[in-house]
Amino acid sequence: MWLGIRHRVLSWVASTLPRRVLRLLPRLILSVSLAPLILQMLLAYVVGSDFRLLPAELQQAKNLLIVTAHPDDECLFFAPSILGVLDRNSDVVGGLVVMSTGNNYGIGEARKAELQGSCKALGIDEARCVALDRPEIQDNPKVWWDQVVIESIVKEYVEKWHVDAIITFDHGGVSGHINHRAVSAAVRYVKSQQEGFNIITRAKLEIHSNYAATDAHAPATYLVSTTALIRKYTFLSDLPLTSLPFSWRILQALSSRTRDPGSNYGDTALVANTWSRYLKARQAFAKHKSQYSWDRNLYLVLSRYVWFNDLRRVRRQTM
């Protein structure tokens, strides 16, 4: 039955499409399939160090701070950004502050220990690899964390480690996790109703968190972009679409390389993993043995976030 249907479909296609189109179709399919891979290699190996794609604020930072919510966020979502900066400039000291130990299932101490191995694999200074265990911000997918507490913690480590660049979640938190979004809201500029409800009163809360946007002492802050679910698990297929806003900058980088840190190339960044950096990201996640499962293994192949990141800088707001 199925063979008969297949034969009729192929016969219809052959009779409908011109022979020239049929001859070109395999080449077209091959070109479309290879385009993301070629673009990935171009961004990772050829133009990735150009300031038009990875800003000087990140590449030439002295002390980089990554702010996340749970142990393993650093390698599942931020690896291209972390490795893209630390691998390119050995003078940059990387630091990681994780707002919780991921103790939702009672294994927080194990996850905290696993985090150290992940930091080492990613090149993050082991003395600056911190998972906090504050009672106000415990891992819980149903609780919006206190933004004031998070902001005070970020300020503390910015001053302590002399941080001059921050990377964290954007408003969507990449996966949509409520703890991720709370971290983002505390660091970036938010002056609106909270993106959740008070569980008891069911009332929206007014939040005035403006650290990265209005605090004169806040370092340059970049947010990893959240995409629609269908785009997250497409391997490299989403890269051409993500690269469209960067097309002119990519062409400029190909024609004339620039290392002028003083030029303004916009508020966005695009960074792609080389093969060796991708393997480092896998090695980092392998340290999180309590989180390793077949679906996470699949994630490490299909997710765009282990292959490339696009980021947006928090703009300064005038008060």
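Atom set for the values below is all heavy atoms of this structure, side chains included, hydrogens, waters and symmetry mates excluded.
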*If every non-hydrogen atom of Val149 is compared with every non-hydrogen atom of Ser152, which pair is closest and at what distance?*
O-OG, 2.6 Å
*Going by side-chain heavy atoms closer than 4.5 Å, which hydrophobic residues are tied to Trp248, directly or by a chain of links?*
Leu251
_For Ser184, is there any backbone N or O sitting under 3.5 Å from a side-chain donor or acceptor partner on Thr168?_
no
_Minimum heavy-atom distance between Ser256 and Asp50, given as atom pair plus value_ = O-OD2, 4.2 Å
*So how far is it from Arg277 CZ to Leu86 CG, rounded to the nearest 0.5 Å?*
10.0 Å
*Could you give me the CA-CA distance, side-chain angles and deciding distance for Val224 and Phe77, then say whether side-chain contact (heavy atoms from CB on, under 4.5 Å) is met?*
CA-CA 8 Å; Val224 172; Phe77 310 126; 5.6 Å; no
*Atom CG of Leu37 and atom CG of Leu42: how far apart are they, to the nearest 0.5 Å?*
11.0 Å
*asked:* So, using salt bridge (Lys or Arg N to Asp or Glu O under 4.0 Å) as the criterion, who are the partners of Arg249 when residues are at least two apart?
replied: none
*asked:* Holding to salt bridge (Lys or Arg N to Asp or Glu O under 4.0 Å), I want the full list of residues that pass it with Lys112, two or more places apart in sequence or in another chain.
replied: none
*Side-chain donor-acceptor pair present, Glu109, Asn103, cut-off under 3.5 Å*: no
*For the residue pair Tyr222 and Asp267, what are the closest heavy atoms and their distance?*
CE2-O, 4.3 Å
*Sequence neighbours excluded, which residues qualify as salt bridge (Lys or Arg N to Asp or Glu O under 4.0 Å) partners of Arg134?*
Glu136
*By ring-ring contact (aromatic ring centres under 6.0 Å, His included), which residues pair with Phe169, not counting sequence neighbours?*
Phe78, His180
*Where is the tightest heavy-atom contact between Ile178 and Pro141, given as atom of each residue plus distance?*
CG2-O, 3.2 Å
*By side-chain hydrogen bond (donor to acceptor under 3.5 Å, both in side chains) - contacts of Asp91 (at least two apart)*: none
*Given the rule that I, L, V, M, F, W and Y join up when any side-chain heavy atoms are under 4.5 Å apart, are Val154 and Tyr157 in one cluster?*
yes
*Could you tell me whether the side chain of Asp164 and the main chain of Lys62 form a donor-acceptor pair under 3.5 Å?*
yes
*What distance separates Leu96 CG from Ile82 CD1, expressed to the nearest 0.5 Å?*
6.5 Å
*Kindly give the heavy-atom pair with the smallest separation between Ala269 and Pro55, and that separation in Å.*
CB-CD, 3.4 Å
*Shared hydrophobic cluster, Leu254 / Met41 (ILVMFWY, side-chain heavy atoms < 4.5 Å)*: yes
*disulfide bond (SG atoms under 2.5 Å apart): which pairs involve residues 92-146, sequence neighbours left out?*
Cys119-Cys129
_Is it the case that the side chains of Glu74 and Ser118 hold a donor-acceptor pair, with the cut-off being a distance below 3.5 Å and no angle test?_
yes
*Under 3.5 Å, side chain of Arg181 to main-chain N/O of Gly172, donor-acceptor pair present?*
no
*Cluster overlap Trp294 with Val306, hydrophobic side-chain contacts below 4.5 Å*: yes
_Tell me whether Trp275 shares a hydrophobic cluster with Leu83, the cluster being built from Ile, Leu, Val, Met, Phe, Trp, Tyr side chains joined at under 4.5 Å._
yes
_Side chains of Ser49 and Gln59: any donor to acceptor distance under 3.5 Å?_
no
*What do the steps show when you test Ser293 against Asp295 for side chain to side chain donor-acceptor pair (under 3.5 Å), and what is the final call?*
CA-CA 6 Å; Ser293 58; Asp295 57 315; 2.4 Å; yes
*Only counting residues at least two apart or in another chain, list the ones meeting side-chain hydrogen bond (donor to acceptor under 3.5 Å, both in side chains) with Thr226.*
Asp170
*In the hydrophobic clustering that connects Ile, Leu, Val, Met, Phe, Trp and Tyr at side-chain heavy-atom distances below 4.5 Å, which members other than Leu241 occupy its cluster, ordered by chain and number?*
Leu244
*Name all pairs fulfilling the salt bridge (charged side-chain N to carboxylate O under 4.0 Å, His left out) condition that reach into residues 232-245, sequence neighbours left out, sorted by first residue then second.*
Arg231-Asp238, Asp238-Arg304
*Does the side chain to side chain donor-acceptor pair (under 3.5 Å) test come out yes or no for Arg282 and Asn297, once each step is laid out?*
CA-CA 9 Å; Arg282 291 190 66 98; Asn297 211 4; 2.8 Å; yes
*Any chance the side chains of Asn309 and Ser81 put a donor and an acceptor closer than 3.5 Å?*
yes
*Can you name the residues that form a ring-ring contact (aromatic ring centres under 6.0 Å, His included) with Phe246, not counting sequence neighbours?*
none
_Side-chain (Ser237) to main-chain (Thr234) donor-acceptor, under 3.5 angstrom_ = yes
*Taking only residues two or more places apart in sequence, or in another chain, which ones meet Tyr45 in a ring-ring contact (aromatic ring centres under 6.0 Å, His included)?*
none
*asked:* Going by side chain to side chain contact (heavy atoms under 4.5 Å, CB included), Met99 matches just one of Ile137, Asn179, Asp139. Which one?
replied: Ile137
*Which atoms form the tightest heavy-atom contact between Val301 and Trp307, and what is the distance?*
O-NE1, 2.9 Å
*Hydrophobic cluster membership, Leu115 vs Val93, 4.5 Å side-chain cutoff*: no
*Can Lys155 and Glu151 be counted as an ion pair, charged N to O under 4.0 angstrom?*
yes
_Working note: His288 + Asp72, criterion side chain to side chain donor-acceptor pair (under 3.5 Å); need CA distance, chi angles, decisive distance, verdict._
CA-CA 7 Å; His288 293 281; Asp72 77 11; 5.3 Å; no
*Counting distance only, does the side-chain N/O of Arg111 pair as donor-acceptor with the main-chain N or O of Ile107 below 3.5 Å?*
no
